[in-house]
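Down below is the structure, laid out as structure tokens.
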Number of protein chains: 2
Amino acid sequence: MPIPFDVLAEPQRRRILDLLLERPRLVGELTAELGLSQPNTSKHLRVLREAGLVRVRQDGQRRRYELRPEPLAELDAWLAHYRHLWSASFDRLERHLDQLKDDPS
Amino acid sequence: MPIPFDVLAEPQRRRILDLLLERPRLVGELTAELGLSQPNTSKHLRVLREAGLVRVRQDGQRRRYELRPEPLAELDAWLAHYRHLWSASFDRLERHLDQLKDDPS
DNA sequence: CAGTTATATAACCCACGGCGTATGTTGGAG
DNA sequence: CTCCAACATACGCCGTGGGTTATATAACTG
């Protein structure tokens, strides 16, 4: 699963992720809160679903969408290659992480 | 300066960033290594420049482009809101960071 | 100065994607 | 079974943006 840069490039989809970060929501709730048409909301949800960023739970007649953070973790891994450029204490931080791994106190 | 999701959504632009992560490069070098036309390379560089992701140094007749990581740091800050979802030891890590800040040994 | 090299800009073409309206599908209510 | 509610899909419209070719600009070369 590649990093979904293009999926995240869409502002409304990021708004959906922000909303789902608080709690899972129904399609109707998202439609109302985003101010989009229902079909458009469904379309964005489909894109997010195919990118692995959300998953659905059928709840009777309704569908509850919730966050799936794995692709964001991959984005984080990509960012890691650049992180030392702005994080002055990055190397020291990494040593501490290694330390934690060896001795998970 | 907003987070340049749309700028990063373009694969060739990410390739440029990857190349500039190794070392600064001339436009001609990038053109050759990317296999793009020179105008197209310049166009991508302009987008990256206006997003604050690269900066130029005039070097005689040539222009040397180099990375500017600040916008990526902002992307990292955005990701931070989601990080606890996949990083089990995130809270413990944060405590260690705070500890470092108080006592920069 | 003229000629050449390095890069930027302009003008155009075309595919992709976000939006809305209309319609299909599925599940619950009576 | 019928009707309705929640959601998904189909289709058409239109703006945006990546690609190309042609041209402008600017600096070094002699």
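Here is the naming used below: chain letters follow the sequence lines, and residue numbers restart at 1 for every chain.
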Atom-to-atom span, [atom1] of [X] to [atom2] of [N] - whole angstrom:
X: Ile16(A); N: dC7(D); atom1: CD1; atom2: P; answer: 13 Å
X: Phe5(A); N: dC16(C); atom1: CZ; atom2: P; answer: 21 Å
X: Gln58(B); N: dA26(D); atom1: CD; atom2: C1'; answer: 8 Å
X: Leu30(A); N: dA8(D); atom1: CG; atom2: P; answer: 10 Å
X: Glu50(B); N: dG18(D); atom1: CD; atom2: P; answer: 12 Å
X: Leu8(A); N: dG17(C); atom1: CG; atom2: C1'; answer: 16 Å
X: Leu45(A); N: dC7(D); atom1: CG; atom2: C1'; answer: 10 Å
X: Leu36(A); N: dG18(C); atom1: CG; atom2: C1'; answer: 10 Å

Got a sec: does the CZ of Arg62(A) have more than 12 other heavy atoms crowding it under 6.0 Å? no
Nearest of [options] to any side-chain atom of [X]?
X: Arg49(B); options: dA8(C), dC19(C), dG27(C); answer: dA8(C)
X: Arg63(B); options: dG18(D), dC7(D), dT7(C); answer: dT7(C)
X: Gln61(A); options: dG19(D), dA5(D), dA10(D); answer: dA5(D)
X: Lys43(B); options: dA10(D), dA11(C), dG18(C); answer: dA11(C)
X: Ser42(B); options: dA8(D), dT21(C), dA8(C); answer: dA8(C)
X: Val27(A); options: dA8(D), dT21(D), dT7(C); answer: dA8(D)

So, is [X] near the phosphate of [N], with a side-chain N or O under 4.0 Å from OP1 or OP2?
X: Tyr65(B); N: dA8(C); value: yes
X: Ser37(A); N: dC19(C); value: no
X: Arg46(A); N: dT9(D); value: yes
X: His44(A); N: dC19(C); value: yes
X: Asn40(B); N: dT20(D); value: yes

Could you check whether Leu26(A) gets within reach of a base, just the sugar-phosphate, or nothing at all, counting any heavy atom under 4.0 Å? sugar-phosphate
May I ask you to say what Arg13(A) touches in the nucleic acid, namely base, sugar-phosphate or nothing, with a heavy-atom cut-off under 4.0 Å? sugar-phosphate
Looking at [Y] and [X], is any side-chain nitrogen of the basic one under 4.0 Å from a carboxylate oxygen of the acidic one?
X: Asp76(A); Y: Arg83(A); result: yes
X: Arg23(A); Y: Glu66(A); result: no
X: Arg14(A); Y: Glu10(A); result: no

Between the side-chain atoms of Gln38(B) and the base atoms of dA6(C), is any donor-acceptor pair under 3.5 Å? no
Tyr82(A) and Trp78(A): aromatic ring centres closer than 6.0 Å? yes
Show the nearest heavy-atom pair for residues Leu36(A) and Thr31(A), with the distance to one decimal. O-CG2, 3.2 Å
